[in-house]
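So you know, we letter chains A, B, ... as the sequences are listed, proteins then strands, and number each from 1.
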There are 2 protein chains.
Amino acid sequence: MARSTLSTAELRRPTVAAAAVRAFARGGYHGTTIADVAREAKISPAYVIKLFPTKEKLFTAALEACFDQILAALEAGADTASSISPDEVLDAMADAYAALITDRTLLLLQVHAQSVAEIPEIGAAFRAGLERIVTYAKDRSRGTDEAVQRFIAFGQLCHLLVAANVQEVPGPWARLLTAGMRHL
Amino acid sequence: MARSTLSTAELRRPTVAAAAVRAFARGGYHGTTIADVAREAKISPAYVIKLFPTKEKLFTAALEACFDQILAALEAGADTASSISPDEVLDAMADAYAALITDRTLLLLQVHAQSVAEIPEIGAAFRAGLERIVTYAKDRSRGTDEAVQRFIAFGQLCHLLVAANVQEVPGPWARLLTAGMRHL
DNA sequence: CGAACCAGTGAGTGTACGTTCACTCATATG
DNA sequence: CATATGAGTGAACGTACACTCACTGGTTCG
């Protein structure tokens with residue numbers, strides 16, 4: 001058994017990053033330990049930090065994996081649009097995003113990342129991911145700046161609703177906020 | 001000198017809560033220690049937790065103080081509206097909010113709260129504050145549900161831009177997102 | 001065979017944190 | 001003066017965490 005089946009460190013890194021996505025999505029950066037990630041990845045803590053030398057690098061790796069998945073979903077969604085009208089393309093991407101975050105993992109990781117964006121390395125990775133999303137949405141939809149801005153703004157509203165569990169709560173204010181949102 | 005000048009615990013609590021707002025806004029829930037809050041309030045850590053028996057209660061107290069200030073700003077802003085047209089009232093409230101969060105303290109505290117809303121006590125306090133904002137915006141502006149929803153969505157976009165420091169960054173994507181935003 | 005290498009780990013180290021507790025000191029009142 | 005009350009603290013306790021390091025066992029190749 002050579003390279004092809006034996007898991008070298010290089011091959012292992014993405015699976016550990018995927019485990020980090022799940023673990024950090026639960027507890028956020030400060031609320032998640034390297035041991036938590038190790039448990040999720042089914043390896044020892046020591047090996048986690050051999051693969052990603054600091055906790056910050058581990059988190060940014062998770063964040064990049066998160067944005068990779070989001071971009072892929074947006075691309076796939078855009079392909080299903082019934083016309084090339086900008087609004088319809090953006091709408092198809094929104095549908096795809098809503099479907100992607102049915103399990104809240106990727107959404108929560110972004111929320112947590114936003115809250116530790118003051119850490120330089122993490123802030124940079126977060127902005128890089130945001131840039132990818134915004135420029136892709138703009139280029140692919142060929143919509144106006146306003147339409148793309150609205151696309152992001154309502155995405156953020158969606159993050160708020162899910163993070164705060166507004167859907168599970170009664171009251172007219174909650175229904176006002178969730179009206180028309182597709183992430184259920 | 002009796003009650004009026006001597007600082008009793010009851011009188012001290014709000015000033016400690018205000019210190020907690022500042023401290024937690026910097027580091028978030030998990031990234032801020034009780035000693036940080038104590039330093040900010042210029043008292044000992046032990047006395048902080050005598051005033052607020054657990055870290056969670058301390059954080060929710062800070063969060064409530066934060067929403068108090070936001071509501072007050074929205075009310076004051078609505079009073080300055082040049083007409084009673086719903087859109088103009090909402091616009092005046094948005095201006096007032098933008099002015100309030102010129103220093104990023106209250107904004108960042110909300111972002112951090114959103115990311116630890118899974119902690120039941122904190123999630124409940126966060127939803128309570130959100131409910132106050134939404135119902136006030138709706139009742140005072142007498143706008144449509146859609147207008148109020150948009151008001152909140154673009155508020156969340158504003159939080160994203162500030163938390164991630166998008167204003168300080170070059171690139172067309174950043175300018176697209178910040179276009180028309182007033183929080184500078 | 002043996003030497004070099006690499007995936008992966010167990011056990012530790014130093015530090016920092018939330019919370020507790022016994023205490024001090026100032027004031028207030030009888 | 002004596003006693004009580006409550007503001008405020010110093011020092012400790014137990015735990016938990018990021019990160020280190022010396023090590024094991026398997027594989028590769030001369």
Measure from the side chain of A:Thr8, starting at C-beta and using heavy atoms only, and say which of D:dG10, C:dA7, D:dA18 lies closest.
C:dA7
Just how far, in rounded Å, is C1' of D:dC17 from CG of A:Asp36?
10 Å
How long is the line joining OH of B:Tyr47 and C1' of C:dC23, in whole Å?
16 Å
Quick one: A:Lys57 NZ to D:dC19 P, roughly how many Å, whole number?
11 Å
Take atom CD1 of A:Ile34 and atom P of D:dC19, then tell me their distance rounded to the nearest Å.
5 Å
Shortest non-hydrogen separation from A:Leu71 to A:Ile133 and the atoms involved:
CD2-CG1, 3.6 Å
Which of these nucleotides, C:dT20, C:dA7, C:dT9, is closest to any side-chain atom of B:Ala46?
C:dT20
Rounded to the nearest angstrom, tell me the gap between atom NZ in A:Lys50 and atom P in D:dA18.
19 Å
Of the options C:dG18, D:dC19, C:dT9, whose atoms approach the side-chain atoms of A:Ile43 most closely?
C:dT9
Could you walk me through whether B:Phe59 and B:Leu109 pass the side-chain contact (heavy atoms from CB on, under 4.5 Å) test, one step at a time?
CA-CA 10 Å; B:Phe59 189 87; B:Leu109 186 64; 4.0 Å; yes
Whole Å only: how far is the CZ atom of B:Phe52 from the P atom of C:dG18?
16 Å
If the helix axis at each end comes from five base pairs, how far does the helix from C:dC1-D:dG30 to C:dG30-D:dC1 deviate from straight, to 10°?
10°
Do you know the tightest heavy-atom contact between A:His112 and A:Arg26?
NE2-O, 4.0 Å
For a quick test of reading the model, state the closest non-hydrogen atom pair linking A:Arg140 to A:Glu75 and the distance between them.
NH1-O, 4.3 Å
Nearest-Å distance for atom pair CG/C1', residues B:Leu51 and C:dT20:
16 Å
B:His30 NE2 to D:dC17 P, in whole Å, measures 11 Å
